[in-house]
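What follows is a set of notes on a single structure, which appears directly below.
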There are 2 protein chains.
Amino acid sequence: MAIPRAAKTQRRTRIQEEKEEQILEAALDVFSVSGFRGSTIDQIAEVAGMSKPNLLYYFRTKEAMHRALIDRVLFTWLEPLRAFNAQGNPESEIRGYIRRKLEMARDFPRESRLFANEVLQGAPHIEDELKGPLKELVDEKAEVIRTWAKAGKIVKCDPYHLIFSIWSTTQHYADFDVQVRAVLGQGQSGEGRFEDAARFLEQLFVDGLSVRAKQPAS
Amino acid sequence: MAIPRAAKTQRRTRIQEEKEEQILEAALDVFSVSGFRGSTIDQIAEVAGMSKPNLLYYFRTKEAMHRALIDRVLFTWLEPLRAFNAQGNPESEIRGYIRRKLEMARDFPRESRLFANEVLQGAPHIEDELKGPLKELVDEKAEVIRTWAKAGKIVKCDPYHLIFSIWSTTQHYADFDVQVRAVLGQGQSGEGRFEDAARFLEQLFVDGLSVRAKQPAS
DNA sequence: GGATAATTTGACCGACTGGTAAACATTACA
DNA sequence: TGTAATGTTTACCAGTCGGTCAAATTATCC
């Protein structure tokens, strides 16, 4: 009898490990483009090169595949914000955060789009994660930024909206990639656009928010 | 015989006008949440309070409904950018553009999400519009910004990425509304968040990019 | 090599999908 | 008021959906 699905002895066989990886890879391809409702198990099966019942042997439902993907992505997606260091230099911390987020948009666009699709459609599967772990992490880092501002190390601004704007500007290059390419045209659509973006965002956020280049009140 | 669907005499009856409006309103509700593939005609019919065949009497296919919506939204969505005036004062033009975009995110979030869903999923229905009219408009306005920078009225920066960052930061409040609310928590989730966002974005873009508050090279 | 467990598949199910046909109801207008 | 055009609905269709099942195949371990 076959019951497994990562049950019984907790230990997963080599095949289980490989196949689950293979399935999640395919699921990421499909979910990141069509969202949960718009994706079908058949599509994922075809991309994964396996039969549909075989997918359902490893993940009981379509929702279980999505869930597994989301959990994995959510964790790595917050890594850059977690690395945000209160003891560091404000300017280089912000610069580093932007750089890392932009690199993730470049190197893991599917993960970004999966997340964007989910939030865009009302986050029906991850509302708890947003209100819990995410909010706590942002609250913590916002406090750091506020402290820097109070100490005069950085211009005074709303830390939450600062974080939102860093999220949106960087993820834009993954989520709205088609639009960015269309507007930039054939010329600048190579990977050079990420370097241009990095330069611009650094100028906008770092130069714009650092205190040293500013007068107290114009 | 019934053939109409806005054919024959071009002139649309009162009923046609009303019903088509009613359908598009419902379609916007549904498409903006689930995207094209994830939405069903039955859902739209239920929201519209009409029978499915009745919808299909006014719009032959699901695609036709989507098309009609996209066309309408695309036009109004670009209005703020079109209003961007080369003769105006750079600072107030940018400020005004941000304000208008933010107001649209607040007042027409469904339209923003419809568009975001479409682009996110690879823009299969609007690629031509992006590469044509949109690109031309952006090219034109980018040239304006570049001129301002050359004349020293504004800090030198990549005009395309400036426009991208205004798009992304403002639309973020419509597209990622659930996330924004979750992070801000019960307290700041009222409409006040748009005022806070406006204040922050103005600070970031206007103060950050204006020349007068900056030293030439720190 | 054989028993046992793990894996894979084809056939299938009921619910739902986009869309059609044709009968029925309503409106506009002479 | 009659009638032709317009608008609406019920019943239906073929294809797809998520998911099940039992049989077949393969890996594992003694």
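What you see is a predicted model, and the numbers here were worked out from it, not measured in a lab. So you know, we letter chains A, B, ... as the sequences are listed, proteins then strands, and number each from 1.
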B:Ala174 backbone acceptor or donor facing B:Arg113 side chain under 3.5 Å
yes
Whole angstroms only, please: what is the CG-P distance between B:Leu55 and C:dG18?
11 Å
Polar side-chain contact B:Lys52-C:dG18 base: donor and acceptor under 3.5 Å:
yes
Validation row: A:Tyr173, A:Ser112 side chains within 4.5 angstrom (heavy atoms)
no
Lys NZ or Arg CZ of B:Arg82 over B:Phe75 ring: under 6.0 Å, within 45°
yes
Nearest-nucleotide comparison on DNA chain C, the residue closer to the 5′ end among A:Asn54 and A:Arg37:
A:Asn54
Would you compute the distance between atom CG of A:Leu204 and atom CG of B:Leu162 and round it to the nearest 0.5 angstrom?
7.5 Å
Without decimals, in angstroms, what is the distance between A:Lys19 NZ and D:dT26 P?
12 Å
Nearest to the A:Lys62 side chain among D:dT6, D:dG19, C:dG18, which nucleotide is it?
D:dG19
Closest to side chain of B:Pro53, choosing from C:dA21, D:dC17, D:dT20
C:dA21
Per B:Ile41 side chain, nearest of listed nucleotides C:dG10, C:dG18, C:dT8
C:dG18
Charged tip of A:Arg146 within 45° of A:Tyr160 ring normal and under 6.0 Å:
no
A:His66 NE2 - D:dC17 C1' separation (whole Å):
17 Å
If only side-chain N and O atoms of B:Gln16 are considered, is one of them under 4.0 Å from the OP1 or OP2 phosphate oxygen of D:dG7?
yes
Interatomic distance, A:Phe36 CZ vs D:dG18 P [rounded to whole Å]
8 Å
In whole angstrom, what separates A:Met50's CE from D:dG19's C1'?
16 Å
Go through D:dT8, D:dC21, D:dA11 for me and flag the one nearest to the B:Tyr57 side chain.
D:dT8
In whole angstroms, how far is the P atom of D:dT16 from the CD1 atom of A:Ile44?
17 Å
Roughly how many Å is it from CE in B:Met65 to C1' in C:dG19, rounded to a whole number?
10 Å
At less than 4.0 Å, is any side-chain N or O atom of B:Ser51 found next to OP1 or OP2 of D:dT9? Yes or no.
yes
So if I take every side-chain heavy atom of A:Asp42 and compare against D:dG7, C:dA11, D:dG18, which nucleotide ends up nearest?
D:dG18
Rounded to whole Å, how long is the line connecting atom CG of B:Leu56 with atom P of D:dT10?
15 Å
